[in-house]
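Just so you know, these numbers come straight off a predicted model, no measurement behind them. Numbers restart at 1 for each chain; the letters A, B, ... are given by sequence-line order, proteins then strands.
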Protein chains: 2
Amino acid sequence: MSADWFRRRFLPGGPLTAPRPPRPRASPVPYRRPRFLRGSGSSTSTADASRRPDARPRPVRSPVRGRALPWNAGYAEIINAEKSEFNEDQAACGKLCIRRCGFGVEEDQEWLTLCPEEVLTGHYWALFDGHGGPAAAILAANTLHSCLRRQLEAVVDGMMATQPPMHLSGCCICPSDPQFVEEKGIRTEDLVIGALESAFQECDEVIGRELEASGQVGGCTALVAVSLQGKLYVANAGDSRAILVRRDEVRPLSSEFTPETERQRIQQLAFVYPELLAGEFTRLEFPRRLKGDDLGQKVLFRDHHMSGWSYKCVEKSDLKYPLIHGQGRQARLLGTLAVSRGLGDHQLRVLDTNIQLKPFLLSVPQVTVLDVDQLEPQEEDVVVMATDGLWDVLSNEQVAWLVRSFLPGNREDPHRFSELAQMLIHSTQGKDDSPTQEGQVSYDDVSVFVIPLHNHDQRRGSH
Amino acid sequence: MSADWFRRRFLPGGPLTAPRPPRPRASPVPYRRPRFLRGSGSSTSTADASRRPDARPRPVRSPVRGRALPWNAGYAEIINAEKSEFNEDQAACGKLCIRRCGFGVEEDQEWLTLCPEEVLTGHYWALFDGHGGPAAAILAANTLHSCLRRQLEAVVDGMMATQPPMHLSGCCICPSDPQFVEEKGIRTEDLVIGALESAFQECDEVIGRELEASGQVGGCTALVAVSLQGKLYVANAGDSRAILVRRDEVRPLSSEFTPETERQRIQQLAFVYPELLAGEFTRLEFPRRLKGDDLGQKVLFRDHHMSGWSYKCVEKSDLKYPLIHGQGRQARLLGTLAVSRGLGDHQLRVLDTNIQLKPFLLSVPQVTVLDVDQLEPQEEDVVVMATDGLWDVLSNEQVAWLVRSFLPGNREDPHRFSELAQMLIHSTQGKDDSPTQEGQVSYDDVSVFVIPLHNHDQRRGSH
């Protein structure tokens, strides 16, 4: 994405400023559930039904017994409380087979193509929480792993070296290259982080093209865990969350990207390009929506460069609807969207206006790295990944407590991680023994992976 | 600062794009040392002289014995190794007397002006590290505390309340105001943080006007510690540093802002406004400067949205000089400046071009808050503030070791914090008993405050 492209695409006078009705050239993305759920049974959460007698019981779905996910991970999901017919969450997981493709550029090195089995193997788990329809999340579940494989294949030679070479192809023209790489502190894992960043962006472009072609709309968050060479990479764009739970430790592996957590970045863009607000919104943050009565009063505010608060005199322009409004779960970007990073939403506009959301959204994830080898994981050490529906009603500590209560008593059960994932979802449904405060209930879609870290080493293939 | 102003000021076609020779309308800012150094003696560091026989001994200066700084803080400084005649560091400290000025708007409330003695008292310590001449640092030392006092007086009513009221003046028009303020989590300390942020910006504007009027140039970093209501606020814009040293703890109270640490923010601005680089620089980061031979090669790079590294094929535009070049101490913004935040530099341009540095610089500090009351500070708990010359050769742990070695044996000396400040500076001069690796020597200006936290409570006046 270039600055020129950004201006043409989003600023007044650009070709796409007026909302174009999508012209379907392809058939819509078909609705589906993850392949690993085929033939799965479901357990029913009755607690919800007992509290809301009008609602049908909500089934919790998990893979059938005997169908193992990578590392024997557990998975479970529940559809929202009749907000819509379809589950807008999607999930994907599988093996990542990365072929070496950094062949020499010289013709006499072509024999290297004779060794196509040269591979690095990893594993992949992903959750996508859709909004505005399920299409973007389905496309992401179908596409992101391929983008990631492609991006990793472009750097796999560098990943296999102790330090990434500055040049991959041809001979090294600068004898001091490794030194430069070392001085900059570039590590092998920085190539994987770069590949994840590029893969999210590539996938976002694919989704944009596909949705435009099929005349569909929507967006999704993306939370991805990838195991490679003894490390677990967690990439997050949106408000899902991953945590590590050990006997004595609960460690967040991601942080949430919402209009509130990214306030300064979003206000900064509106400062640089006020055209993006079309005179309809105010960039400033106030403690509440201001009213006509407030004119001339001194009121608390903050702007893009401030982390503290200050006072200003209310002017007429301050009465406009705020760029970011509301607190916590209610915070919205341009009154429309609750997340500030994710995939899709290329056509999303503020209701009844030409104001686009996409310029304010980032598809780039934040990536954290967990050195699983160094961790020497124990039998009950797991990573819990879940969409926001779980974290709305359960804290990290409550989830850790549930994990630690469940696993030790079920050591013999080969499906215990799947059982644990189901149990976590049941705990969001307001059952009396749930640890949520006052039996809080999640009416959102919820999807959960439980990834056991023990023995990860025997399962990773790298030759 | 508005976006419009930014565009007029910095983008092509704006009135100031062509370098204007400054037209002096006022006399130059006179050189000076901090007032509290008047009549001070100096101890001489001979170690330096022995290593560089051609150099004169460099004197270490401290306030005269008997002249107490706030909280009995220690101070010492040394001038650079003949890089220039003048010390480009400046320091300031003193009492902050904040008057209540939030009078009612109604005429019948004017009696409040009869109580002008209503004050909140704080203390202030500041270090400014100048570059391109001493003028900006001198102006900052003369000005910043006044800006801060003004900004604090504008919010002192809110600071004295348990929670800052949404409206300061007139009656509270919205009965639910406190609730909104509470939901947003706005605390009294957020007003002080906001006041520090505003004061830095105001001071930057004053410096810009004064330097233009006097035909001078230059900029400076700013590191400020302010004690108010039992808390210590540390505001930093630049590469100076403050740390807390306790018996069992070393805690950084600031982080450095350099072209390296702010790479993504700086690249992002160049992405949004490529005009700022005038076609002379490349926004991308590479492991080293690329050469003509590299054309067509695959090379490591990263752009504004990446924290990881990826590979790209070298194009002609990649051979331009990089926006941020060099590593560590050698890293430079536009080949010119080693810091990315600070005050001044309004006229600074890349040598022999019209390319301005100021758009890439922030005057806003990052503020951290230390709850001194809650800390229950012990006899030897101190905050060490110093310009980068100290931290170039001593790590946080080495400084903590020196503090812990020195203070317990000197409990009876009323000037021990001043002695400690001098000792820290001597340790940067390559003496044999210095803890620096291989007796590293700092040839930079160095200034140090040592602020004891014990008994801070008895010294703060707040009525």
Side-chain angles (χ1 to χ4, degrees), chain A residues 1-4 6 102 151 154-155 158 164-170 173-174 176-177 180-181 183-186 189-198 201 268-274 285-288 291 293-294 297-300 302 305-311 327-328 362 364 366-367, chain B residues 1-4 6 102 151 154-155 158 164-170 173-174 176-177 180-181 183-186 189-198 201 268-274 285-288 291 293-294 297-300 302 305-311 327-328 362 364 366-367:
Chain A
M1 185 171 83
S2 73
D4 263 3
F6 180 89
Q151 295 289 346
V155 298
M166 204 162 87
H167 294 293
L168 265 190
S169 54
I173 55 151
C174 172
S176 56
D177 279 359
F180 277 97
V181 172
E183 276 182 13
K184 287 258 180 182
I186 304 175
E189 66 185 60
D190 293 316
L191 294 186
V192 182
I193 295 171
L196 278 159
E197 291 170 335
S198 303
Q201 289 198 288
Q268 167 73 17
L269 185 64
F271 164 74
V272 168
Y273 285 134
E285 182 186 14
F286 301 102
R288 64 157 167 79
K291 302 185 295 279
D293 298 355
D294 297 321
Q297 300 281 341
K298 236 168 131 182
V299 70
L300 283 168
R302 51 182 179 175
H305 57 276
M306 301 167 70
S307 68
W309 290 77
S310 194
Y311 284 99
Q327 286 115 56
L362 279 188
V364 193
Q366 189 186 55
V367 184
Chain B
M1 185 170 84
S2 74
D4 264 2
F6 180 89
Q151 295 290 345
V155 299
M166 205 162 84
H167 293 294
L168 265 191
S169 54
I173 54 149
C174 172
S176 57
D177 278 359
F180 277 98
V181 172
E183 277 183 14
K184 287 256 180 184
I186 304 176
E189 66 185 61
D190 293 316
L191 294 185
V192 182
I193 295 171
L196 277 159
E197 291 170 335
S198 304
Q201 289 197 287
Q268 167 74 15
L269 186 63
F271 165 74
V272 168
Y273 285 133
E285 182 185 14
F286 300 102
R288 65 157 167 78
K291 303 185 296 278
D293 298 353
D294 297 320
Q297 299 282 340
K298 236 168 130 184
V299 69
L300 284 167
R302 52 182 180 177
H305 56 276
M306 301 168 71
S307 68
W309 290 77
S310 195
Y311 284 99
Q327 286 116 57
L362 279 188
V364 192
Q366 189 187 55
V367 184

Requested in this report: Take A:Q201 and B:H305 through the test side-chain contact (heavy atoms from CB on, under 4.5 Å) and record every step on the way to the result.
Outcome: CA-CA 10 Å; A:Q201 289 198 288; B:H305 56 276; 2.9 Å; yes
Report task. In plain terms, say whether A:E197 and B:R302 are close enough for a salt bridge, that is, a side-chain N and a carboxylate O under 4.0 Å apart. Result -> no
Query raised in the report: Between A:V299, A:L269, A:I186, A:L191, which has the largest tally of heavy atom pairs under 4.5 Å with chain B?
Result: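 The option with the most such pairs is A:I186.
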Query raised in the report: Between B:L300, B:I193, B:L196, which shows the greatest number of heavy-atom pairs under 4.5 Å with chain A?
Result: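 Top count of heavy-atom pairs under 4.5 Å with chain A: B:L300.
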Query raised in the report: Top residue by heavy-atom pair count (under 4.5 Å) with chain A, among B:Q268, B:M306, B:E189?
Result: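 Option with the top pair count is B:M306.
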Query - Inter-residue atom distance A:M166.CE - B:Y311.OH, 0.5 Å rounding - result: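 Atom-to-atom, A:M166:CE and B:Y311:OH are 10.0 Å apart.
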**Report entry** Rounded distance [0.5 Å steps], OG in B:S307 versus CD in A:Q366
**Finding:**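 That separation rounds to 8.0 Å.
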Report summary line: Nearest heavy-atom contact between B:Y273 and A:V272 is OH-O, 3.1 Å
**Report entry** Region of B:V364 that comes under 4.5 Å of a non-hydrogen atom in chain A
**Finding:**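 Answer is side chain: those atoms of B:V364 sit under 4.5 Å from chain A.
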